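What follows is a set of notes on a single structure, which appears directly below.
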Amino acid sequence: MRNEEVARLLREMGDLLELRGESSFKVVAYRRAARTVESMKEDLEAIAGRGELEAIPGVGKAIAGKISEFLETGRIEARDRLLQETPPGLAELLQISGLGPKTVSMLHQKLGVSTVAELEVAAREHRVRRLPRMGPTSEKNILRGIERWKKRSSRIPLGVALPLAQEILGHLRKVEGIGDLNVAGSLRRGRETVGDIDILATSPAPEAAIRAFVSIPVVEEVLMKGPTKASVIVEETIQVDLRIVDPRSFGTVIQYFTGSKEHNVKLRHVALSKGYSLSEYSLTRLADGEELFFDREEDLYHHLGMDWIPPEIREDEGEVEAALEGRLPRLVEPSDIKGDLHVHSDWSDGRHSIEEMVRAAQGLGYEYMAMCDHSHGLGIANGLAEDRLREKMELIRGLNEAAEGFAILVGTEVEIRADGKLDYPDEILSECDVVVASVHSGYHQREREMTNRIISAMESEHVDVIGHPTGRKIGEREAYEVDLERVLEAAARTGTAMEINAHPSRLDLNDRWSRRARELGVKLAINTDAHSTCGLSAMEYGIKTARRGWLERKDVLNALGLADLMKYLERG
DNA sequence: GCCGTTTTCGGCCCGACTGTTTTCAGTCG
C-alpha cells in the first residue's frame, strides 16, 4: 500500500506551494487530492494499472501524472525541486498562528529567518518591527504565537473538549439575551479529536455577550475581540471561538460552521443544481436573486429537497446522496442503549464494588450490566483466578435474586494470550453470560500473527465480544499491527460482536471501521470499560463514534432488551 | 490544480478582525 506515502508527498507539495505564494486554489487542490488518496480503500497501483487515476475525485491530469511518476520511479521530480528551492523549516513557521505564507516569505527574504528559533531571536532583537507593515504589536504577537507553538499538544481529545465546551456553554447560557446557543465544528460532529472549540450564539446585544465570554473565569488569554466574534485561549493551548450571529441566519450559519468542508462543498453543489447559491448567511435563488433565510438547520436541508443530516455523518461519505434519496440511517441514540456489557469492579482493578456499579447503572436507566473483570493472566490488574471467578458468580447470583427489573450478567474480560489461546478453560467460560476477549500483551507481534491470534479467539464458541479490537490509545499508543478486514470477516462468519470501547482515549473500533463492520453484518457492542461509577458516563463518546460509523439501533448488541440479548448470547 | 446540465475557460467562500496604515494587506475560519 503506497497510498499513504503518496498522500504525504501531495500534502507536502501543498505546503511548499503555499510558501511560494501560489494560488490558494492550487494549494487546496493538492491537499484535497492527498486526503482522498489517504482515505481510499483500494491500492493506487491497482487503479493506475487500469489507467483510472484521473477518475479519483480531485485528481486530474497533473496530479495523476505525479502519482504515476511516483509509482514508477519512487520519486516526484516537481516535489524534489520544490523542496530544494525551499529552505527547510519554513513549513514549520506556517504553524505559528498569525503567520501565513506572505509573512513567512518576507521574514525569510528580508531577515534570513528560516526556523522558529531564528524567528524568535529576530523578534527579541526587535528586527521584525522594522519590516513593512510590521510593528511592536505584531512582534509581540509573534513571540506569543511561538510560546503557544512550543506548548502545543496536537489535537484535543473529545474527552477533554466536550466537558470543557459544556462548561463554557453553561456560563454563556446565563448571559442576558443569549438565545440560540450551540457548538459547531468537529466537536459537533463528534470527531475523536478536535482542533479547537467553535461556539455560535444569537443575542440582541452581541457586544455584551462577547464581553461576558472573554471574562469567563477559565479564559486565560484573549486572542481577538470584535463586536460579533472573539477568540480566547483556555487550558494553556485550547482555542475557543465565539460568534454572535443574526437569529434569522442561525440555521445556515451553524450548518456552515459545523462542516465538514467536504460536506459543505457537496451541499453547495446540490444547491446549485437546484438553482440556488448557498452561503453561510442565506440561500439565494439564482433566477431572481431572492434571498431565503433559515433560522433552523432542518429547514435549510428540507428546502434543498433532502432529509436533515445528523452532524456526526457530515463527512461527504455518501450522506448527501442518501439524504436526497430519503434513505439516511436512523442513527443509534443514547435512549436506545439498554445496558453496558463491559465494566470492571473492585474484584479486579476497578475502584467500586459490584453493588456500587449496579446502583450507578440503574441510575442510568439500564436493564442490565455485565461485570467483566480481568482474567488471572493479567496479574498487574489483579485478574481473577478461577476460584475467585466462581466466588464472584455466587455473589452475583445472590444479588440478582434481590434486584428488581435489573440483571447483573456474569462476565469476564478474558486475555487472548500471545498464541491465541484464552486465559480460562472452556468449562468456566461456558458458565459466563458474557465473554469479552481482549489483547493486553504482546503488542509487537507481526500483523499475520496478531490477526490469527484474534481470529482464533473468535473461533471459540464462548467468546461473544472482542474488546478494544486494535489496542490504540489516542495520542499515546498506535494500534497494534492487525488486518482488521480479515478480523471483521471472521467476526461475521463466527457471529462475534466487535466492541466500540467508549473510553475517550480509546474509541476502538473507530468510526470508519465501525462502519465497515456494519457493512459486513457484524454486530457492535458500545461498552464503557468503566473502572469506576463515573466511568459509565463515557457511553456518550461511544455513541458518537457509533453514529459516525452510521450505526443503527439494530447494529448495536447492547441496544437489545434483556430477553433478546440473552437469546442472542445463547445462540449456538 | 480541478472541474463541467455554467463544459475547455473561468470560478473555486468571502467576511471579520488586526495592525498597520492614512486606505488596506494578510490571516483565519
Side-chain angles (χ1 to χ4, degrees), chain A residues 10-11 13-14 16-18 20-36 53-67 78-79 82 93-107 128-142 144-145 184-186 194-200 206-207 210 222-232 239-246 249 252-262 264-282 284 286-287:
Chain A
L10 292 177
R11 186 166 290 126
M13 288 189 74
L16 295 170
L17 290 167
E18 184 173 37
R20 299 195 136 208
E22 295 272 353
S23 143
S24 61
F25 299 113
K26 194 168 174 175
V27 174
V28 167
Y30 272 93
R31 290 185 181 152
R32 180 164 129 78
R35 231 188 88 89
T36 315
L53 283 176
E54 284 185 53
I56 300 170
V59 174
K61 217 183 186 78
I63 293 184
K66 293 185 172 79
I67 295 176
R79 172 260 177 185
L82 271 173
L93 284 170
L94 282 179
Q95 294 172 10
I96 309 266
S97 128
L99 293 187
K102 291 270 164 51
T103 315
V104 167
S105 307
M106 179 179 70
L107 287 166
V128 172
R129 64 175 65 178
R130 292 202 290 271
L131 296 173
R133 299 196 73 86
M134 289 282 166
T137 312
S138 28
E139 202 171 65
K140 211 168 71 207
N141 285 342
I142 284 175
R144 285 159 97 138
S186 49
V194 305
D196 58 15
I197 297 174
D198 291 311
I199 301 174
L200 302 177
E207 295 188 49
I210 294 291
V222 179
L223 294 178
M224 181 196 86
K225 177 164 91 74
T228 63
K229 59 183 270 194
S231 295
V232 302
Q239 182 172 335
V240 186
D241 297 340
L242 172 68
R243 282 186 172 71
I244 307 294
V245 305
D246 186 344
S249 296
T252 40
V253 175
I254 193 164
Q255 192 291 315
Y256 175 81
F257 281 105
T258 297
S260 65
K261 271 204 172 91
E262 292 74 12
N264 289 357
V265 166
K266 181 63 72 69
L267 205 62
R268 281 201 297 276
H269 276 283
V270 170
L272 283 173
S273 75
K274 303 201 178 240
Y276 294 102
S277 153
L278 174 62
S279 79
E280 63 186 280
Y281 296 107
S282 65
T284 308
L286 296 170

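Chain naming here is simple, since letters A, B, ... match the order of the sequence lines and numbering starts at 1 in each. What you are looking at is a predicted structure, and each value in this text was computed from that prediction instead of being measured.
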* To do: Could you work out the separation of B/dT20 and B/dG26 based on their P atoms and round it to a whole Å?
  => 15 Å
* Asked: Roughly, in whole Å, what's the span from CG in A/Leu272 to C1' in B/dC3?
  -> 13 Å
* Asked: Side chains of A/Glu262 and A/Arg32: closer than 4.5 Å at any heavy-atom pair?
  -> no
* Any sub-3.5 Å donor-acceptor pair from A/Thr103's side-chain atoms to A/Leu99's backbone N or O? -> no
* To do: With heavy atoms under 4.0 Å as the rule, sort A/Leu99 into base, sugar-phosphate or nothing.
  => sugar-phosphate
* **Whole-Å distance separating the NZ atom of A/Lys61 from the P atom of B/dG1** => 13 Å
* Asked: Taking atom C1' of B/dG1 as reference, at what distance in whole Å does atom CD of A/Glu54 sit?
  -> 12 Å
* If only atom types and distance count, is the side chain of A/Ser23 paired as donor or acceptor with the main-chain N or O of A/Phe25 below 3.5 Å? -> yes
* **Minimum side-chain heavy-atom gap A/Glu139-A/Met134 below 4.5 Å** => no
* Asked: Phosphate oxygens OP1/OP2 of B/dG29: is one of them under 4.0 Å from a side-chain N or O of A/Gln239?
  -> yes
* Which whole number of Å gives the distance between the C1' atom of B/dC12 and that of B/dT6? -> 13 Å
* Structure fact -> On a heavy-atom basis, the closest approach of A/Thr252 and A/Ser279 is CB-O, 4.0 Å
* Asked: For A/Val104 and A/Gly58, take the nucleotide of DNA chain B holding the closest heavy atom to each; which residue's nucleotide lies nearer the 5' end?
  -> A/Gly58
* Please tell me if the side chains of A/Leu107 and A/Leu93 come closer than 4.5 Å, counting only heavy atoms from C-beta onward. => no
* Rounding to the closest angstrom, what is the interatomic distance between B/dG11 and B/dG19 at atom P? -> 34 Å
* Interatomic distance at C1', B/dT8 relative to B/dA25, whole Å -> 34 Å
* Structure fact -> Assign each of A/Tyr30 and A/Leu286 the nucleotide of DNA chain B bearing its closest heavy atom; nearer the 5' end lies the nucleotide of A/Tyr30
* To do: Send over the distance from A/Ile254 CD1 to B/dG29 P, rounded to a whole Å.
  => 18 Å
* To do: Verify, without hydrogens or angle tests, whether A/Glu18 (side chain) and A/Pro101 (backbone) share a donor-acceptor contact under 3.5 angstrom.
  => no
* To do: Could you encode protein contacts along nucleotides 12-19 of chain B as a string, one character per nucleotide from 5' to 3', using B for base contact, S for sugar-phosphate-only contact and - for no contact, with a heavy-atom cut-off of under 4.0 Å?
  => BB-SSSSB
* Interatomic distance, A/Glu22 CD vs B/dC2 P [rounded to whole Å] -> 13 Å
* In whole angstroms, how far is the P atom of B/dG26 from the CG atom of A/Leu131? -> 13 Å
* To do: Could you pull out the closest heavy-atom pair between A/Ala34 and A/Arg11, with the gap in Å?
  => CB-N, 3.8 Å
* Which base sits across from B/dG15 as a Watson-Crick or G-U pair, both distances under 3.5 Å? -> B/dC28
* Which value, in whole Å, describes the distance between the C1' atoms of nucleotides B/dC13 and B/dC28? -> 13 Å
* Asked: At under 4.0 Å between heavy atoms, what does A/Ser24 touch on the DNA or RNA strands: base, sugar-phosphate, or nothing?
  -> nothing
* Expressed in angstrom and rounded to an integer, what is the separation of A/Glu262 atom CD from B/dC2 atom P? -> 17 Å
* **Integer-rounded Å distance: B/dG29 P and A/Leu242 CG** => 15 Å
* **B/dC9 and B/dG15, which share atom name C1', separated by this distance in whole Å** => 27 Å
